[in-house]
Student: 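This is the structure I want to talk about, given as structure tokens.
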Amino acid sequence: MIHQKCRLGFYPHSKIKRFEVQESKVSWNVEYPEYEPIKYTAPSIQNKPWADPEIGSASFVPKWNAIDGKIDRKSYMGEYVINEDGYPLNPVGRTGIIGRGVLGRWGPNHAADPIVTRWKRDSNDVLEINKTTNKPILQFVAIQRRDCKEWAIPGGMVDPGEIISVTLKREFMEEAMNLLENDIAKRNEMETNMNLFFTNGIEIYKGYVDDPRNTDNAWIETVALNFHDEDNNTFGQLPLTAGDDACNVRWMDADAKLNLYASHSEFIKKTVEKHDAHW
């Protein structure tokens, strides 16, 4: 995978311009003596309890490519390289910026993306078929990110020691069902109703994400699982309400014209292929 979105223009939410990296120069195996990217770690994450200290700090002795206490520093891409200065190197290659950017961890930052789908139906509950492909139309829950206004799958970061299935349910309920704005009793009811649904996911993707927040030394990796409501009797009855990092949420038709955040369009395409739906 040649990353595209993490080599473009300015780093998110900053005035830091990425050093231009042509596609032929992305790989670390290609000599690039002129490469002089700016080092940037956002002030907003420095000294945060959930973020790593700076490389070289006396108290920071990470176990690269391993489980480091509760923190998973292993990569789905295989073993990554630690350079001579002690920095992990992005397994896909150069991004035009070094440092950690806005990411909490040096090396892989693990996320989880729940792809919740259903079949599109008309007012009579009959499946809608696309006239061009003659295939049923798949819909998925999409959120509009508050930070960049792009549409995305409602995922998020895996907490240290957290099981992926817990992350998937938590992130979906916080961003697409506004879990955090409900009282304890309502939260417990919502979580109980969702427990069974979020135990039967189909793995769609596991690996590196072409995320605009990636740097040469910190990057996003994810596990994307599909939770399909075949008969529309689980999520069809639930009101979607944007919350947490989302400013909007809706059921969106899966279509080849989609332009979603990071690698999310590719995840939806893979999901469509699983269900033999319209694309």
Side-chain angles (χ1 to χ4, degrees), residues 12-13 50 102 111-125 127-128 137-159 162-202 204 209 211-213 220 222-255 257-265 267-268 271-272 275 277:
H13 319 301
W50 45 264
V102 297
D113 291 306
I115 304 171
V116 174
T117 57
R118 70 179 186 184
W119 295 112
K120 187 175 185 180
R121 299 173 185 271
D122 63 19
S123 56
N124 295 316
D125 203 33
L127 285 181
E128 290 198 23
I137 299 169
L138 196 68
Q139 293 185 311
F140 66 98
V141 175
I143 57 118
Q144 188 175 29
R145 291 175 62 100
R146 195 180 299 275
D147 56 357
C148 62
K149 300 300 185 284
E150 290 187 74
W151 286 89
I153 297 163
M157 307 310 295
V158 180
D159 289 340
E162 188 173 49
I163 300 170
I164 294 291
S165 59
V166 174
T167 310
L168 290 161
K169 183 180 74 170
R170 170 173 55 79
E171 288 295 333
F172 183 86
M173 295 182 70
E174 287 178 3
E175 295 190 338
M177 297 175 67
N178 201 17
L179 176 73
L180 300 178
E181 293 300 314
N182 288 281
D183 59 36
I184 296 297
K186 183 63 176 176
R187 286 190 203 184
N188 290 338
E189 179 188 346
M190 291 167 70
E191 289 180 347
T192 299
N193 291 337
M194 290 298 99
N195 278 340
L196 182 60
F197 187 76
F198 278 101
T199 56
N200 299 306
I202 300 170
I204 298 297
V209 180
D211 193 291
R213 296 169 291 180
I220 300 280
T222 198
V223 177
L225 267 66
N226 176 216
F227 302 92
H228 183 61
D229 188 1
E230 178 69 26
D231 302 317
N232 199 21
N233 58 13
T234 302
F235 275 96
Q237 313 306 319
L238 293 173
L240 296 177
T241 308
D244 198 24
D245 298 328
C247 60
N248 202 352
V249 60
R250 67 182 176 93
W251 286 100
M252 185 174 284
D253 292 357
D255 187 271
K257 299 186 181 74
L258 286 176
N259 183 21
L260 302 175
Y261 180 79
S263 304
H264 292 190
S265 295
F267 300 164
I268 296 301
T271 305
V272 162
H275 294 281

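As a basis for the values below, the full set of heavy atoms in this structure was taken, side chains included, without hydrogen atoms, waters or symmetry mates.
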Student: On a heavy-atom basis, which atom in P114 and which in G155 lie closest, and how many Å separate them?
Tutor: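 Looking at all heavy atoms of both residues, the shortest contact is CD-CA, 3.8 Å.
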Student: side-chain contact (heavy atoms from CB on, under 4.5 Å), that's the test. Do I268 and I115 meet it? Break it down for me.
Tutor: CA-CA 8 Å; I268 296 301; I115 304 171; 3.8 Å; yes
Student: If you measure from NE2 on H13 to CG on D147, what distance do you get to the nearest 0.5 Å?
Tutor: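 It is 4.0 Å, given to the nearest 0.5 Å.
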Student: Might you point out which heavy atoms bring A262 and V209 nearest each other, and give the distance in Å?
Tutor: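 Heavy atoms of A262 and V209 come nearest at CB-CG1, 3.9 Å.
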Student: Quick one: CZ on R118 to CG on L138, what's the gap to the nearest 0.5 Å?
Tutor: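 It comes to 10.5 Å.
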Student: Taking only residues two or more places apart in sequence or in another chain, which ones pass salt bridge (Lys or Arg N to Asp or Glu O under 4.0 Å) with D255?
Tutor: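 Per chain and number, D255 pairs via salt bridge (Lys or Arg N to Asp or Glu O under 4.0 Å) with no residue.
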Student: Check the pair M157 / I220 against side-chain contact (heavy atoms from CB on, under 4.5 Å), numbers first and verdict last.
Tutor: CA-CA 9 Å; M157 307 310 295; I220 300 280; 3.9 Å; yes
Student: Answer yes or no: is there a donor N or O on one side and an acceptor on the other, between the side chain of E171 and the main chain of P154, under 3.5 Å?
Tutor: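 No; judged by distance alone, with no hydrogens or angles, the pair does not exist.
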Student: Quick one: OG1 on T222 to CD1 on I164, what's the gap to the nearest 0.5 Å?
Tutor: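 Going from the OG1 atom of T222 to the CD1 atom of I164 covers 7.5 Å.
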Student: Are any side-chain N or O atoms of R146 and backbone N or O atoms of A246, one a donor and one an acceptor, separated by less than 3.5 Å?
Tutor: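 A pair under 3.5 Å: yes.
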Student: Start with the C-alpha gap between W151 and R250, add the side-chain angles, then the distance that decides, and say whether side-chain contact (heavy atoms from CB on, under 4.5 Å) holds.
Tutor: CA-CA 10 Å; W151 286 89; R250 67 182 176 93; 3.7 Å; yes
Student: Are side-chain heavy atoms of E162 and R170 found at a separation under 4.5 Å?
Tutor: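 In short, these two side chains touch, coming nearer than 4.5 Å.
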Student: Are the side chains of V249 and V141 in contact, using a 4.5 Å heavy-atom criterion?
Tutor: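 Yes; the side chains approach each other to less than 4.5 Å.
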Student: If only atom types and distance count, is the side chain of T117 paired as donor or acceptor with the main-chain N or O of F140 below 3.5 Å?
Tutor: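 Checked: no pair found.
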Student: Any side-chain heavy-atom pair from W251 and V116 closer than 4.5 angstrom?
Tutor: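 Counting from C-beta outward, W251 and V116 do come under 4.5 Å.
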Student: Considering residues, nucleotides and ligands other than K149, do more than 12 of their heavy atoms fall under 6.0 Å from its NZ?
Tutor: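 Yes, the 6.0 Å shell around NZ holds more than 12 heavy atoms from other groups.
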Student: Kindly compute the distance separating CE (M252) from CD (Q144), expressed to the nearest 0.5 Å.
Tutor: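 One finds 8.5 Å between CE of M252 and CD of Q144.
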Student: Given T271, which partner from the list I153, I202, I204 fulfils the side-chain contact (heavy atoms from CB on, under 4.5 Å) test?
Tutor: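 Exactly one pass, corresponding to I204.
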Student: Residues two or more places apart in sequence or in another chain: which of them pass salt bridge (Lys or Arg N to Asp or Glu O under 4.0 Å) with D211?
Tutor: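 Result, salt bridge (Lys or Arg N to Asp or Glu O under 4.0 Å) vs D211: R213.
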Student: Give the ring-plane orientation class for H275 versus H228, where under 30° counts as parallel, over 60° as perpendicular and anything between as tilted.
Tutor: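 Taking H228 first and then H275, their aromatic rings sit tilted (interplane angle of 30° to 60°).
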Student: Check salt bridge (Lys or Arg N to Asp or Glu O under 4.0 Å) between D122 and all other residues, then give those that pass, not counting sequence neighbours.
Tutor: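 D122: no salt bridge (Lys or Arg N to Asp or Glu O under 4.0 Å) contacts found.
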Student: Which atom names give the shortest non-hydrogen contact between V272 and A254, and what distance separates them?
Tutor: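 Nearest pair, atom of V272 first, then A254: CG2-CB, 3.5 Å.
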Student: Can you tell me how far OG1 of T167 sits from CG of D113, rounded to the nearest 0.5 angstrom?
Tutor: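 It is 10.5 Å, given to the nearest 0.5 Å.
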Student: First locate atom CZ of F267, then atom CG of L258, and finally report the distance between them rounded to the nearest 0.5 Å.
Tutor: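 CG of L258 is found 14.0 Å from CZ of F267.
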Student: Please report whether the ring centroid of F172 lies less than 6.0 Å from that of F198.
Tutor: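 Yes, the ring of F198 comes within the 6.0 Å limit of the ring of F172, centre to centre.
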